[in-house]
Structure formats: structure tokens, C-alpha cells
Amino acid sequence: MPELPEVETVARALDARLKGRRVEGVECRFPGVYEAGSGVRPRWPLGILGARRRAKLVLLELDGGLVLVTHLRMTGALKIESVEAVLEPHTHVCIRLDGDEELRFVDPRRFGRVRLESPATLAQSSFFTSLGPEPLELDEEGLASRIGVSRASIKAALLDQRRIAGIGNIYADEILYAAGIHPRQPADTVRPGEWKSLLESVRRILNSAIERGGSTIRDYRSPEGAGSYQDQHQVFGRTDEPCPACGKRIRKIRVAGRGTHFCPGCQPQRRRRRRSAPSSRSSR
DNA sequence: TCTAACCTGATC
DNA sequence: GATCAGGTTAGA
């Protein structure tokens, strides 16, 4: 569910509300959802230095270099509640805070994970290995060199967290619509002149989604409430509605195994150019 | 590089 | 009852 803008919103809210407070312990209510990295033995309580985002991960930074790392996956949510508050269903981890509050990890589908890592275990954590750079920190050359070498579809390349990390299904569709590129177009056939507008689309869409607190289309909530970027979606979730720009019907197809929305008028399909020479090629 | 699998719940 | 969902990954 949550992609870069939603995770950024959650991290900012946690930073504002938890910085300077303490974690007094962690209770795991469903086996495996929470684990400490091997050899990590926290001595609670630990002060909270702050919260931030990396890719789609929420990092809660504690004293001594320890970090509580949360991946929300599809349906995970972090909520600050009074310890007296009734536990809502699917509450799998309770992170006890000072002041009779706790940070609760709720996740109906149970795909999400919470991990406690030390400086020694953080780098090897499976969360972090082979995570690509932040899309908002890339320049045109960086984007082209990471994405433009893939022989997969441009959508698959944008979703590949090893290439760049943080874009998910909603924002991939919105970005490609804004850039006028068909989601099935092979990434290595994007023309040199198109990287500029693709990068502008990446920045504009992710930044305005962050400004609006992300997209709330089913159950996503930051600790401060729902986002509103869903109102700005041009194609995602608008199957059969007219394109705001050209009036053609938005279509939904399957690309990279994901439901994919696009405008056939604004994002015309372009065939892969026939290879002129059987030269060697590499991917990644 | 694609599919199935991991899960539950909402909607068709 | 079948299908789909904002993510990732192991396996073919």
C-alpha cells in the first residue's frame, strides 16, 4: 500500500510526535512480525532521536545507534495510542512509549515487518541490501543510467527497488502518464530527450503527493490522518473515465504483474526498434 | 523475467 | 464463489 509519499508522511508525523521521548520495550503479539537482528540485546528504555524514511521503510532511530525499522508493505499502519485504548484487530506489535502510550503496528494481511537493528546488523538487513537510490535525489543522468539500461518495461523498471527505491504502483502510473510514456515501453528504448520530462514528472508527482500527505484509497492512514493526493490522481483508479487532457477513456491493463492505468491517447505505444546488430547487451 | 506465494478483506 | 488490492521475493 504505502509508497514513498505515504511513508514520508508517516515518518514526519512520528518524528514530530516521538522525538525526545523514550521506548520502554517492544511486545510482539504475532510470531515473526517483530524480530531483533541477531545479537541485538536492547537495554530499555532507550531515547528516541527521531524518525525518517528510506525508500519505503520507516526508521525510528534510538540511542546507541539502534533503529526500529518498519516495512508497511500493503496494509501496515503505525498508530500512537494510549495503552488503555482497546487493541484493534490485527495489532501485531506494541512499542511501549513513555507516558502510558504505545506505537502500535497494525497489519491485516500480515505482510509487513518490524525489525530492531544495531549499527552492526543494519547494513546486512534484508530490508536494505540492494536498495537503489532515492528518486528525489537523482539527476537526469542518474535516472537514465539506472532505468534506461533495463530491457524490461519502463513500469517494471520504475517499480524495481534495486534500480531506484520508493516508487510503487500508484505513482508509477501517475508518473508515466505525466511523462506521456506507455507503461509497456521497454525502458532501454526511452529516447535521450525523454529523461528530462520523466525526471520532472518523478519530482513533481512525488513532491506534490508528499505535500498532500500521500494517497488514501483504502486503509492507509498516517498517525495524523488520511492523505488527499488520491483527489489528484489522473489515471490511477480512473478506469473508463475520460482522460483529463484528451478525453479518451483511461484503460487498465496488466504490466509487470500489476494493474496498470494509462491513457491510450496521451501515452501511445511505441514498438521496440529492431536491433541493428547482434551486439552484446547487459541488463542491471 | 514471469508466476506463485505470502495473508485478509472488500467488492464483483 | 471468484477476483482484486498501495509490496516483495523465491522459484521456475
Side-chain angles (χ1 to χ4, degrees), chain A residues 1-11 29-33 35 53-58 69-78 88-93 105-115 125-132 135 147 149-177 183-188 205-206 209-210 212-222 226-240 252-261 272 281-284:
Chain A
M1 156 186 76
E3 309 180 27
L4 186 153
E6 290 76 30
V7 179
E8 178 71 28
T9 302
V10 171
R29 307 185 76 255
F30 193 99
V33 176
E35 277 171 5
R53 176 194 63 76
R54 162 71 172 120
K56 297 173 188 171
L57 300 167
V58 180
V69 185
T70 303
H71 200 315
L72 274 21
R73 289 287 184 95
M74 296 283 269
T75 51
L78 288 165
E88 74 174 279
H90 311 296
T91 300
H92 301 125
V93 182
F105 178 68
V106 182
D107 185 9
R109 292 177 77 174
R110 231 181 295 129
F111 288 172
R113 292 291 181 265
V114 181
R115 293 284 179 267
S125 162
S126 61
F127 280 165
F128 287 90
T129 52
S130 64
L131 219 48
I147 302 296
V149 294
S150 171
R151 289 177 54 81
S153 67
I154 182 71
K155 171 144 180 184
L158 288 175
L159 290 177
D160 185 343
Q161 303 295 299
R162 297 168 301 188
R163 296 185 183 281
I164 56 177
I167 293 173
N169 205 36
I170 295 177
Y171 298 103
D173 284 4
E174 294 297 321
I175 287 165
L176 290 173
Y177 171 78
R184 282 200 176 127
Q185 186 181 328
D188 61 358
I205 286 172
L206 293 180
I210 291 170
R212 289 164 195 267
S215 305
T216 295
I217 59 180
R218 231 176 308 277
D219 39 22
Y220 157 76
R221 289 276 182 292
S222 94
S228 66
Y229 191 73
Q230 65 280 4
D231 301 338
Q232 310 299 315
H233 291 177
Q234 306 293 296
V235 290
F236 191 90
R238 298 195 171 280
T239 311
D240 291 336
K252 185 175 182 185
I253 58 177
R254 196 151 286 269
V255 182
R258 315 295 301 278
T260 298
H261 312 72
R272 173 183 286 284
R281 57 193 155 63
S282 64
S283 59
R284 294 296 318 279

Visitor: Just how far, in rounded Å, is C1' of dT8(B) from CE of Met74(A)?
Guide: 11 Å
Visitor: Given dC4(C), dT9(C), dT1(B), identify the nucleotide with an atom nearest to the side chain of Lys252(A).
Guide: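 Taking heavy atoms from C-beta onward, the closest nucleotide is dC4(C).
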Visitor: Classify the nucleic acid contact of Gly259(A) as base, sugar-phosphate or nothing, counting any heavy atom under 4.0 Å across all strands shown.
Guide: sugar-phosphate
Visitor: Should the ring pair Phe236(A) and His261(A) be called parallel, tilted or perpendicular, given that the plane angle runs from 0 to 90° and is split at 30 and 60?
Guide: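 If you compare the ring of Phe236(A) with that of His261(A), the planes turn out tilted.
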Visitor: Pick from Val255(A), Asp188(A), Leu176(A): which one makes a side chain to side chain contact (heavy atoms under 4.5 Å, CB included) with Ile154(A)?
Guide: Leu176(A)
Visitor: Taking atom P of dT9(C) as reference, at what distance in whole Å does atom CZ of Arg109(A) sit?
Guide: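 Atom-to-atom, Arg109(A) to dT9(C), this comes out as 16 Å.
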Visitor: Select one nucleotide: of dT8(C), dG6(C), dA5(C), the one nearest the side-chain heavy atoms of Glu3(A).
Guide: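 Out of dT8(C), dG6(C), dA5(C), the nucleotide with an atom closest to Glu3(A)'s side chain is dG6(C).
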Visitor: Of all the choices, dT1(B), dA5(C), dG6(C), which nucleotide is nearest to the side chain of Arg151(A) once you look at every atom?
Guide: dT1(B)
Visitor: Under 4.0 Å, counting only non-hydrogen atoms across every strand here, what does Phe236(A) touch: a base, just sugar-phosphate, or nothing?
Guide: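 The residue Phe236(A) makes sugar-phosphate contact but no base contact.
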Visitor: Check whether the aromatic ring of Phe111(A) stacks on the base of dC6(B), taking stacking as ring centres less than 5.5 Å apart and planes within 30° of each other.
Guide: yes
Visitor: Would you confirm whether Glu3(A), through its side chain, and Ile170(A), through its main-chain N or O, come within 3.5 Å as a donor-acceptor pair?
Guide: yes
Visitor: With rounding to the closest Å, how many angstrom separate the P atoms on dG1(C) and dC7(B)?
Guide: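 dG1(C) and dC7(B) have their P atoms separated by 22 Å.
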Visitor: Looking just at side-chain N and O atoms, do Tyr171(A) and Ser215(A) make a donor-acceptor pair shorter than 3.5 Å?
Guide: yes
Visitor: Rounded to whole Å, how long is the line connecting atom CD1 of Ile170(A) with atom P of dC4(C)?
Guide: 18 Å
Visitor: So if I take every side-chain heavy atom of His71(A) and compare against dC7(B), dC4(C), dT8(C), which nucleotide ends up nearest?
Guide: dT8(C)
Visitor: Report the nucleotide, chosen from dT1(B), dT9(C), dG9(B), that has the shortest atom-to-atom distance to any side-chain atom of Arg73(A).
Guide: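 The listed nucleotide nearest to Arg73(A)'s side chain is dT9(C).
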Visitor: Do the side chain of Arg110(A) and the base of dC7(B) come within less than 3.5 angstrom through a donor-acceptor pair of N or O atoms?
Guide: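 There is none.
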Visitor: Between dA5(C), dT8(C), dG6(C), spot the one nearest the side chain of Ile217(A), thanks.
Guide: dG6(C)
Visitor: Under 4.0 Å between a side-chain N/O of Arg258(A) and OP1 or OP2 of dG6(C), yes or no?
Guide: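 Yes, within the criterion.
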Visitor: With sugar-phosphate meaning primed atoms plus P, OP1 and OP2, does Gly257(A) contact a base, only sugar-phosphate, or nothing at under 4.0 Å between heavy atoms?
Guide: nothing
Visitor: Under 4.0 Å: is that the gap between some side-chain N or O of Lys155(A) and OP1 or OP2 of dT1(B)?
Guide: no
Visitor: May I have the distance from Arg115(A) (atom CZ) to dT8(C) (atom P), rounded to whole angstrom?
Guide: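 These atoms are roughly 15 Å apart.
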Visitor: Please tell me if Gln161(A) has a side-chain N or O lying less than 4.0 Å from either OP1 or OP2 of dG7(C).
Guide: no
Visitor: Check the distance between dG6(C)'s P and His233(A)'s NE2 and give it to me in whole angstrom.
Guide: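 Going from His233(A) (NE2) to dG6(C) (P), I get 11 Å.
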Visitor: Nearest-Å distance, CD1 (Ile164(A)) to P (dT8(C))?
Guide: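 Going from Ile164(A) (CD1) to dT8(C) (P), I get 12 Å.
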Visitor: Quick check on dT3(B): is either OP1 or OP2 less than 4.0 Å from any side-chain nitrogen or oxygen of Arg254(A)?
Guide: no
Visitor: Does the pair Lys155(A)/Asp173(A) count as a salt bridge with the N-to-O cut at 4.0 Å?
Guide: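 Answer for the salt bridge query: yes.
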Visitor: For the P atoms, the ones on dA5(C) and on dT1(B), what distance do you get once it is rounded to whole angstrom?
Guide: 22 Å
Visitor: Check step by step if side chain to side chain contact (heavy atoms under 4.5 Å, CB included) holds for Phe111(A) and Leu72(A).
Guide: CA-CA 8 Å; Phe111(A) 288 172; Leu72(A) 274 21; over 6 Å; no
Visitor: Would you mind reading off the distance between Leu159(A) atom CG and dA5(C) atom P, rounded to a whole angstrom?
Guide: 13 Å
Visitor: Under a 3.5 Å cut-off for both distances, is dG6(C) Watson-Crick or wobble paired, and to whom?
Guide: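 Partner of dG6(C): none.
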Visitor: To the nearest 0.5 Å, what is the distance between OG on Ser130(A) and CZ on Arg162(A)?
Guide: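 Those atoms lie 6.5 Å apart.
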Visitor: Tell me what Arg113(A) touches on the nucleic acid: a base, only sugar-phosphate, or nothing, going by heavy atoms under 4.0 Å.
Guide: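 It contacts nothing in the nucleic acid.
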Visitor: Compare side-chain N and O positions of Lys56(A) against OP1 and OP2 of dT8(C) and report whether any pair is under 4.0 Å apart.
Guide: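 Answer is yes, contact under 4.0 Å.
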Visitor: Within the structure, does a side-chain N or O atom of His90(A) lie under 4.0 Å from either OP1 or OP2 of dC7(B)?
Guide: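 Negative; the distance criterion is not met.
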Visitor: Expressed in angstrom and rounded to an integer, what is the separation of Leu158(A) atom CG from dT8(C) atom P?
Guide: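 Roughly 14 Å, once rounded to whole Å.
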